[in-house]
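Beneath this line is the structure, given in structure tokens, with notes to follow.
All residue numbers in this chain count up from 1 along the given sequence. Side chains included, hydrogens not; waters and symmetry mates left out as well; all remaining heavy atoms used.
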Amino acid sequence: MPVVLYWCETWSLTLREERELRVFENMMFRIIFGPRRDGVTGEWRRLLNEELNDLYSSPNIVRVIKSRRMRWAEHVARMGEERGCIGSWLGNRRERDHWGDLGVDGWIILG
């Protein structure tokens, strides 16, 4: 997962993108863990999402991204305006329009 999470601290995810990341994560886990033989019928079957979560007990990818984003926001806040980082944190306003679509301020959704 490190390749997928590269520079994820700066991403602003929509709900659709969060869902797509969870689907991607489950797809990778299905490849890694493979199918299981059913104990009753003896047939091979795909693992359910709950079974994948039980096998891989770490937090899901969206939770990891949000925690890394919060840690990065704390780092930027400690740096302060004297180092000029607040401007890069705010970014281009047009790229963050989906916050306005949700009717929520983007600063609240950080965590």
> Considering all heavy atoms of both residues, which atom of Ile61 and which atom of Arg22 are nearest to each other, and what is their separation?
Replying inline: CG2-N, 4.3 Å

> What is the distance from atom CG of Leu52 to atom OG of Ser57, rounded to the nearest 0.5 Å?
Replying inline: 12.5 Å

>> On a heavy-atom basis, which atom in Arg68 and which in Cys8 lie closest, and how many Å separate them?
In response: CD-SG, 3.6 Å

>> When you group the ILVMFWY residues by side-chain heavy-atom contacts below 4.5 Å and let the links chain together, are Leu21 and Val23 in the same group?
In response: no

> What's the verdict on salt bridge (charged side-chain N to carboxylate O under 4.0 Å, His left out) for Glu18 and Lys66, showing C-alpha distance, side-chain angles and the deciding distance?
Replying inline: CA-CA 10 Å; Glu18 287 182 10; Lys66 288 183 178 184; 3.5 Å; yes

> Can Arg36 and Leu55 be said to form a side-chain contact (heavy atoms from CB on, under 4.5 Å), step by step?
Replying inline: CA-CA 12 Å; Arg36 293 287 186 254; Leu55 288 172; 3.9 Å; yes

> salt bridge (charged side-chain N to carboxylate O under 4.0 Å, His left out) between Glu51 and Arg46: does it pass, once the steps are laid out?
Replying inline: CA-CA 10 Å; Glu51 294 172 318; Arg46 273 179 40 175; over 6 Å; no

> For Arg45, does the CZ atom have more than 12 heavy-atom neighbours from other residues, nucleotides or ligands under 6.0 Å away?
Replying inline: yes

> When you measure from the side chain of Thr10 to the backbone N and O of Trp7, does any donor-acceptor pair fall under 3.5 Å?
Replying inline: yes

> Counting only N and O atoms by type, is there a donor-acceptor contact under 3.5 Å from the side chain of Arg30 to the main-chain atoms of Leu47?
Replying inline: yes

> Between Ser67 (side chain) and Val64 (backbone), is there a donor-acceptor pair under 3.5 Å?
Replying inline: yes

> Quick one: does Arg16's side chain have a donor or acceptor within less than 3.5 Å of a partner on Leu13's backbone?
Replying inline: no

>> Keeping Arg37 on the side-chain end and Trp44 on the backbone end, is there a donor-acceptor pair under 3.5 Å?
In response: no

>> Testing the basics here: between Trp11 and Arg69, what is the closest heavy-atom pair and its distance to 0.1 Å?
In response: O-NH1, 3.3 Å

>> Is there a path of hydrophobic side-chain contacts, each under 4.5 Å between heavy atoms, that joins Leu48 and Ile31?
In response: no

